[in-house]
Asks: 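Input: one structure, supplied below.
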Amino acid sequence: FSQANTDFAEIADFQSCTKMSFRSSASGGNKWRGDIIFVEYDCEQNSHTTERWSGENVRQHAKALDLYSEHIEKAKIWKYPLKREFLALFGAWHEFTLVESTNWYWTFEKYMDGLYVQRARHIDYVKNLHVGDKRSVYDIRGEGRESNAITFGESIGNVISWIDANNELGNKYNLAQSNCHYFASRVYEAITRTAGKRL
């Protein structure tokens, strides 16, 4: 879980996975819409699909995909610098929570236009890609928090329900007070039942 080393150069036509970009606004291009953008990678076809889940329907989508049967086993926060020059000036990192469940790997992350939930059968797709595009030319590294033995019986569906119940979709992106760092921490703490939180 901590050391995923897929050699993308050996995956046929890996770049095809980056062509259908539905880019979010790490650079500030889009406005908050209060949706979940769900991204699923087909690792065999090196492709991905995206769809928006509106706030009032997120639990129905979770039920339709049987996400309440995907039990959470591991979780870790990852981070990477957005721009080297920004890092030097502001310490600008993007952070996200990566989760391993019964059959899938997932990321939960916040951008300026909404919350992104990605899933794939192979960890490298969700760890190293965001909506099909490579995340960064710089190293993606652990933030420091990691749990490799989660046994609470919670599911990915419970995470989606928590997002809904906790009004995360109504909590607009704010660079200083409600950014990717805060969201990654809240998701991780709820999953691992730390800092007084739980799903």
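What's counted below: heavy atoms across the whole structure, side chains too, no hydrogens, waters or symmetry copies. None of the values given here were measured: they were computed from a predicted structure.
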Asks: Looking at OH of Tyr105 and SG of Cys43, how far apart are the two atoms once the value is rounded to the nearest 0.5 Å?
Replies: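 Interatomic distance, Tyr105 OH to Cys43 SG, rounded to 0.5 Å: 10.5 Å.
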Asks: Run through the side-chain heavy atoms of Ile, Leu, Val, Met, Phe, Trp and Tyr, join any pair under 4.5 Å, and report what else lands in Tyr68's cluster.
Replies: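 Listed partners: none, Tyr68 stands alone.
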Asks: Would Lys74 and Glu146 count as a salt bridge (Lys or Arg N to Asp or Glu O under 4.0 Å) if you check the C-alpha gap in whole Å, the side-chain angles of each, and the deciding distance to 0.1 Å?
Replies: CA-CA 8 Å; Lys74 302 177 183 180; Glu146 177 178 10; over 6 Å; no
Asks: Please round to the nearest 0.5 Å and tell me the distance separating atom CG of Asn171 and atom CD1 of Ile163.
Replies: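 Reported to 0.5 Å precision, the distance equals 11.5 Å.
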Asks: Any non-hydrogen side-chain atom of Ile37 less than 4.5 Å from a side-chain atom of Leu115?
Replies: no
Asks: NZ of Lys76 to OG1 of Thr107: how many Å apart, nearest 0.5 Å?
Replies: 14.5 Å
Asks: Check Thr192 against Ser147 and note the closest heavy-atom contact, atom names and distance.
Replies: CG2-CB, 3.8 Å
Asks: Closest heavy-atom contact between Ala62 and Gly157?
Replies: CB-CA, 4.5 Å
Asks: Is there a path of hydrophobic side-chain contacts, each under 4.5 Å between heavy atoms, that joins Ile77 and Val126?
Replies: no
Asks: Under the side chain to side chain contact (heavy atoms under 4.5 Å, CB included) criterion, do Glu100 and Ile72 qualify, and how do the steps go?
Replies: CA-CA 6 Å; Glu100 181 180 344; Ile72 297 169; over 6 Å; no
Asks: Within this structure, what is the CG-OG distance for the pair Asn166 and Ser161, rounded to the nearest 0.5 Å?
Replies: 12.0 Å
Asks: Using the test salt bridge (Lys or Arg N to Asp or Glu O under 4.0 Å), find all partners of Asp164 that sit at least two apart in sequence or belong to another chain.
Replies: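 Here the qualifying residues are Arg59.
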Asks: Looking at Thr50, Val39, Leu98, which hits side-chain contact (heavy atoms from CB on, under 4.5 Å) with Gln118?
Replies: Val39
Asks: Using side chain to side chain donor-acceptor pair (under 3.5 Å) as the criterion, list what pairs up with Ser101, not counting sequence neighbours.
Replies: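 Counting only residues at least two positions away or on another chain, Ser101 forms a side chain to side chain donor-acceptor pair (under 3.5 Å) with Glu70, Trp106.
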Asks: Please enumerate all residues that pass salt bridge (Lys or Arg N to Asp or Glu O under 4.0 Å) together with Lys172, with sequence neighbours excluded.
Replies: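 Testing Lys172 for salt bridge (Lys or Arg N to Asp or Glu O under 4.0 Å), a comparison that skips the adjacent residues, returns none.
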Asks: Do Lys197 and Trp162 meet the cation-pi criteria used here (NZ or CZ under 6.0 Å from the six-membered ring centre, within 45° of the axis)?
Replies: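 No, Lys197 does not sit over the ring of Trp162.
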Asks: Please confirm whether the ring centroid of Tyr111 lies under 6.0 Å from the ring centroid of Tyr173.
Replies: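 They do not qualify: ring centres at least 6.0 Å apart.
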Asks: For Glu109, what residues pass the salt bridge (Lys or Arg N to Asp or Glu O under 4.0 Å) criterion, not counting sequence neighbours?
Replies: Arg135
Asks: Look at the side chain of Glu143 and the backbone N and O of Arg145, then say whether any donor-acceptor pair between them is shorter than 3.5 Å.
Replies: yes
Asks: Taking side chain to side chain donor-acceptor pair (under 3.5 Å) as the definition, give me every residue that meets it alongside Thr97, ordered by chain and number, with sequence neighbours left out.
Replies: none
Asks: Give a yes or no on whether Ile160 and Val99 share a hydrophobic cluster (residues Ile, Leu, Val, Met, Phe, Trp, Tyr; joining criterion: side-chain heavy atoms under 4.5 Å apart).
Replies: yes
Asks: Rounded to the nearest 0.5 Å, what separation is found between the CZ atom of Phe183 and the CZ atom of Phe96?
Replies: 13.0 Å
Asks: Scan side-chain atoms only and decide if Tyr125 and Asn46 contain a donor-acceptor pair under the 3.5 Å cut-off.
Replies: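 Checked: Tyr125/Asn46 side chains pair up, N/O donor to acceptor below 3.5 Å.
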Asks: Using the side chain to side chain donor-acceptor pair (under 3.5 Å) criterion, which residues pair with Ser69? Sequence neighbours excluded.
Replies: Asp66
Asks: Any donor-acceptor pair under 3.5 Å linking the side-chain atoms of Asp35 with those of Ser54?
Replies: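 No, because no side-chain N or O of Ser54 sits under 3.5 Å from a partner of the opposite role on Asp35.
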Asks: Are side-chain heavy atoms of Arg186 and Lys110 found at a separation under 4.5 Å?
Replies: yes
Asks: State which residues pass ring-ring contact (aromatic ring centres under 6.0 Å, His included) with Trp53; sequence neighbours excluded, sorted by chain then number.
Replies: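 Once residues adjacent in sequence are excluded, the partners of Trp53 under the ring-ring contact (aromatic ring centres under 6.0 Å, His included) criterion are Phe38, His61.
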Asks: Do Arg141 and Trp78 meet the cation-pi criteria used here (NZ or CZ under 6.0 Å from the six-membered ring centre, within 45° of the axis)?
Replies: no
Asks: How would you list, by chain and number, every residue that makes a salt bridge (Lys or Arg N to Asp or Glu O under 4.0 Å) with Glu40, sequence neighbours excluded?
Replies: Arg119
Asks: Taking the hydrophobic residues Ile, Leu, Val, Met, Phe, Trp and Tyr, and joining any pair whose side-chain heavy atoms are under 4.5 Å apart, which ones share a cluster with Tyr182?
Replies: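 Result for Tyr182 is none, singleton.
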Asks: With a 3.5 Å cut-off and no angle check, do the side chains of Tyr41 and His122 form a donor-acceptor pair?
Replies: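 No, because no side-chain N or O of Tyr41 sits under 3.5 Å from a partner of the opposite role on His122.
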Asks: Do Trp32 and Met112 have side chains that approach each other closer than 4.5 Å (heavy atoms only, starting at C-beta)?
Replies: no
Asks: Please list, chain by chain and in numerical order, all residues satisfying side chain to side chain donor-acceptor pair (under 3.5 Å) with Glu95, sequence neighbours excluded.
Replies: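 So Glu95 forms a side chain to side chain donor-acceptor pair (under 3.5 Å) with His181.
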Asks: Linking I/L/V/M/F/W/Y whenever their side-chain heavy atoms sit closer than 4.5 Å, directly or via other members, would Tyr188 and Ile150 fall into one cluster?
Replies: no
Asks: Just by modelled atom types, is the Ala176 backbone N or O under 3.5 Å from a matching donor or acceptor in the Asn174 side chain?
Replies: yes
Asks: Are Arg33 and Arg52 close enough that some pair of their side-chain heavy atoms sits under 4.5 Å apart?
Replies: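 Side-chain contact under 4.5 Å: yes.
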Asks: Sequence neighbours excluded, which residues qualify as side chain to side chain contact (heavy atoms under 4.5 Å, CB included) partners of Arg198?
Replies: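 By the side chain to side chain contact (heavy atoms under 4.5 Å, CB included) rule, Arg198 matches Glu154, Arg193.
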